[in-house]
Amino acid sequence: MWRSTNGGVNWTQSSSSMPGEHYFYGNALVVHPTNTLEAFIGGSGYSTVGVRRTTNGGSTWTSAVAGLPSTLTYGLAYAADGSRDVFAATEAGAYRWDRSTGTWENIMGLEAPITLYWSVEGVAADNLMRFGTYGR
């Protein structure tokens, strides 16, 4: 992981130990809407931690996988309701990261299709999260 504090003119490598790109390829990156020091990155979680979080602008990254299965994370988005919770679109379904507990929970219930979830975005006007699946 690399970070820049001057708009991309110079880059510094994170001090966190990260797996090589063969084992963790980032599919999703989301930055907190009002706190640019906080961000999540998601990618392959099969042989390493699939989601990581920074609270210091990318200087260090910590595991953020409690409650999330070992799977690929394709999309990440902050909640549209201002709670600052994070939503993940994964190969194993749709998940919500609860800021108060620091854990992920499956939010598919009995109504959502059991399929791969490719994307997620916040729809502020309707105060909801929209997930994209393949062919559903």
Side-chain angles (χ1 to χ4, degrees):
M1 296 294 299
W2 293 80
R3 69 185 192 103
S4 174
T5 58
N6 58 9
V9 175
N10 298 317
W11 292 88
T12 306
Q13 192 167 14
S14 169
S15 62
S16 293
S17 175
M18 301 289 272
E21 56 275 349
H22 178 73
Y23 297 99
F24 180 79
Y25 40 91
N27 289 313
L29 174 67
V30 63
V31 178
H32 190 284
T34 59
N35 177 6
T36 58
L37 296 178
E38 180 179 294
F40 283 79
I41 186 169
S44 174
Y46 292 116
S47 60
T48 186
V49 174
V51 177
R52 289 177 165 82
R53 177 181 180 224
T54 183
T55 57
N56 56 18
S59 291
T60 59
W61 294 83
T62 58
S63 170
V65 294
L68 191 66
S70 297
T71 188
L72 280 165
T73 299
Y74 291 110
L76 293 165
Y78 276 90
D81 65 3
S83 68
R84 300 183 340 251
D85 289 346
V86 177
F87 289 79
T90 77
E91 268 193 337
Y95 286 82
R96 179 179 70 92
W97 183 76
D98 184 327
R99 179 172 293 277
S100 64
T101 64
T103 59
W104 293 94
E105 64 178 297
N106 183 317
I107 58 168
M108 294 190 308
L110 300 175
E111 302 82 22
I114 300 172
T115 188
L116 189 148
Y117 283 69
W118 287 101
S119 62
V120 59
E121 66 180 339
V123 183
D126 295 325
N127 196 29
L128 59 84
M129 301 303 289
R130 178 173 35 218
F131 286 85
T133 64
Y134 182 73
R136 301 208 182 218

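What you see is a predicted model; the values in this text were computed from it and never measured.
Using a 4.5 Å heavy-atom threshold, the side chains of Leu37 and Asn56 count as separate. At least one side-chain heavy atom of Trp97 sits under 4.5 Å from a side-chain heavy atom of Arg53. Inter-residue side-chain proximity for Thr133 and Tyr117 is flagged as met; some heavy-atom pair is nearer than 4.5 Å. With contacts defined as side-chain heavy-atom distances shorter than 4.5 Å, the pair Val51/Ile41 does not qualify.
Among all heavy-atom pairs drawn from Phe40 and Ala64, the shortest one is CE2-CB, 4.0 Å. The two atoms that bring Trp104 and Phe87 nearest to each other are CZ3-C, 4.2 Å, heavy atoms only. For the pair Leu128 and Ala80, the tightest heavy-atom approach, listed with the atom from each and the gap, is O-CB, 3.7 Å. Leu76 approaches Ala88 most closely through the heavy-atom pair CD2-CB, 3.7 Å.
Transitive grouping of hydrophobic side chains (ILVMFWY, heavy atoms separated by less than 4.5 Å) brings Val86 and Val65 into a common cluster. In the hydrophobic clustering of this structure, Met129 does not group with Val123; members are Ile, Leu, Val, Met, Phe, Trp, Tyr whose side-chain heavy atoms approach within less than 4.5 Å, directly or through other members. Hydrophobic clustering (side-chain heavy atoms under 4.5 Å, transitive across Ile, Leu, Val, Met, Phe, Trp, Tyr) groups Tyr134 together with Leu72. Placement of Val120 and Met108 within a single hydrophobic cluster is found when ILVMFWY residues are connected by side-chain heavy-atom separations under 4.5 Å, directly or transitively.
Atom OH of Tyr95 is separated from atom CG of Asn106 by 4.5 Å, given to the nearest 0.5 angstrom. We find the NE2-OG1 distance between His32 and Thr54 to be 13.0 Å, quoted to the nearest 0.5 Å.
When the side-chain contact (heavy atoms from CB on, under 4.5 Å) test is applied to Ser119, no partner is found at least two apart in sequence or on another chain.
Using a 4.0 Å cut-off between charged nitrogen and carboxylate oxygen, Arg96 and Asp85 count as a salt-bridge pair.
With Arg52 contributing its side chain and Thr62 its backbone, the two residues share no donor-acceptor pair below 3.5 Å. A distance-only check finds no donor-acceptor pair linking the side chain of Thr73 to the backbone of Thr90 [under 3.5 Å].
For Arg130, the CZ atom sits in a loose shell: 12 or fewer heavy atoms of surrounding residues, nucleotides or ligands are nearer than 6.0 Å.
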*Check step by step if side-chain hydrogen bond (donor to acceptor under 3.5 Å, both in side chains) holds for Glu38 and Tyr78.*
CA-CA 11 Å; Glu38 180 179 294; Tyr78 276 90; 2.6 Å; yes
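Ring-plane geometry between Tyr74 and Trp118 is classed as tilted, the angle between the planes lying from 30 to 60 degrees on a 0 to 90 degree scale.
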